[in-house]
> 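Quick one: this structure, given as structure tokens, is what I'll be asking you about.
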Amino acid sequence: MSMEITIAFIGLFFLGCGLGYPVLVIAANRGPIPWLLVPMIAYSIPLFTIGPHPIVLGLYCPISVYLLYSCLVLIRNPSEFNQLFLRIGQE
């Protein structure tokens with residue numbers, strides 16, 4: 001069973017990315033650790049029930065890119081990452 005990439009697959013994937021982006025914006029403004037893990041856990045429910053549908057895979061993309069960005073900031077400058085958490089805590 002091969003998975004073909006079609007225009008419908010790409011369209012549904014971008015639809016999932018578009019649906020996941022507002023969740024990313026809300027979660028990133030509240031703090032990365034607890035607020036980003038909640039959508040990841042919520043997205044895993046359809047992933048394990050209906051399988052790797054393009055919309056479900058698209059939901060993961062914005063959050064995973066933001067998590068990779070946060071890890072890159074942490075690796076480059078750990079004190080800046082600490083200041084980010086302090087700024088979030090003061091807001």
Side-chain angles (χ1 to χ4, degrees):
M1 180 163 103
S2 67
M3 190 169 172
E4 296 180 17
I5 296 178
T6 61
I7 293 174
F9 183 92
I10 293 170
L12 291 173
F13 179 76
F14 284 126
L15 176 67
C17 289
L19 293 173
Y21 185 74
V23 175
L24 164 71
V25 171
I26 293 168
N29 289 336
R30 296 188 177 192
I33 300 303
W35 288 97
L36 286 176
L37 292 178
V38 170
M40 296 286 274
I41 293 169
Y43 295 162
S44 67
I45 295 168
L47 182 66
F48 291 124
T49 56
I50 65 171
H53 193 271
I55 293 177
V56 176
L57 296 177
L59 288 171
Y60 279 102
C61 272
I63 289 183
S64 61
V65 169
Y66 182 73
L67 286 174
L68 289 172
Y69 169 74
S70 298
C71 290
L72 183 65
V73 169
L74 177 64
I75 291 170
R76 284 186 173 176
N77 194 355
S79 64
E80 176 63 30
F81 195 71
N82 189 29
Q83 293 298 323
L84 171 72
F85 278 116
L86 291 175
R87 283 194 304 266
I88 290 171
Q90 292 173 352
E91 293 178 357

> Got a sec, which residues hit side chain to side chain contact (heavy atoms under 4.5 Å, CB included) with Phe14, two or more places apart in sequence or on another chain?
Ile10
> Are Ile50 and Phe9 grouped together when hydrophobic residues (ILVMFWY) are joined by side-chain heavy atoms under 4.5 angstrom apart?
yes
> Supply the atom-to-atom distance Leu67 CG to Leu24 CG, rounded to the nearest 0.5 angstrom.
8.5 Å
> With sequence neighbours left out, write down each residue that passes side chain to side chain contact (heavy atoms under 4.5 Å, CB included) with Val65, or none if nothing qualifies.
none
> ring-ring contact (aromatic ring centres under 6.0 Å, His included) with Phe13: which residues, sequence neighbours excluded?
none
> Specify the closest pair of heavy atoms between Leu19 and Val23, including all atoms of both residues, with the distance to one decimal.
O-CG2, 3.9 Å
> Mind listing the closest non-hydrogen atom pair of Gly18 and Pro22 along with its distance?
O-CD, 3.1 Å
> Using atom types as modelled, flag every donor-acceptor pair under 3.5 Å from a side chain in residues 56-64 to any protein atom, sequence neighbours excluded.
from: Tyr60; atom 1: OH; to: Tyr43; atom 2: O; distance (Å): 3.4
from: Tyr60; atom 1: OH; to: Ser44; atom 2: N; distance (Å): 3.1
from: Ser64; atom 1: OG; to: Tyr60; atom 2: O; distance (Å): 3.0
from: Ser64; atom 1: OG; to: Cys61; atom 2: O; distance (Å): 2.9

> Check side-chain hydrogen bond (donor to acceptor under 3.5 Å, both in side chains) between Ser79 and all other residues, then give those that pass, not counting sequence neighbours.
Asn77
> Indicate the atoms forming the closest heavy-atom contact of Pro52 with Leu47, along with that distance.
CA-CD1, 3.9 Å
> Give the minimum heavy-atom separation between Leu12 and Ile55, together with the two atoms involved.
O-CG1, 3.4 Å
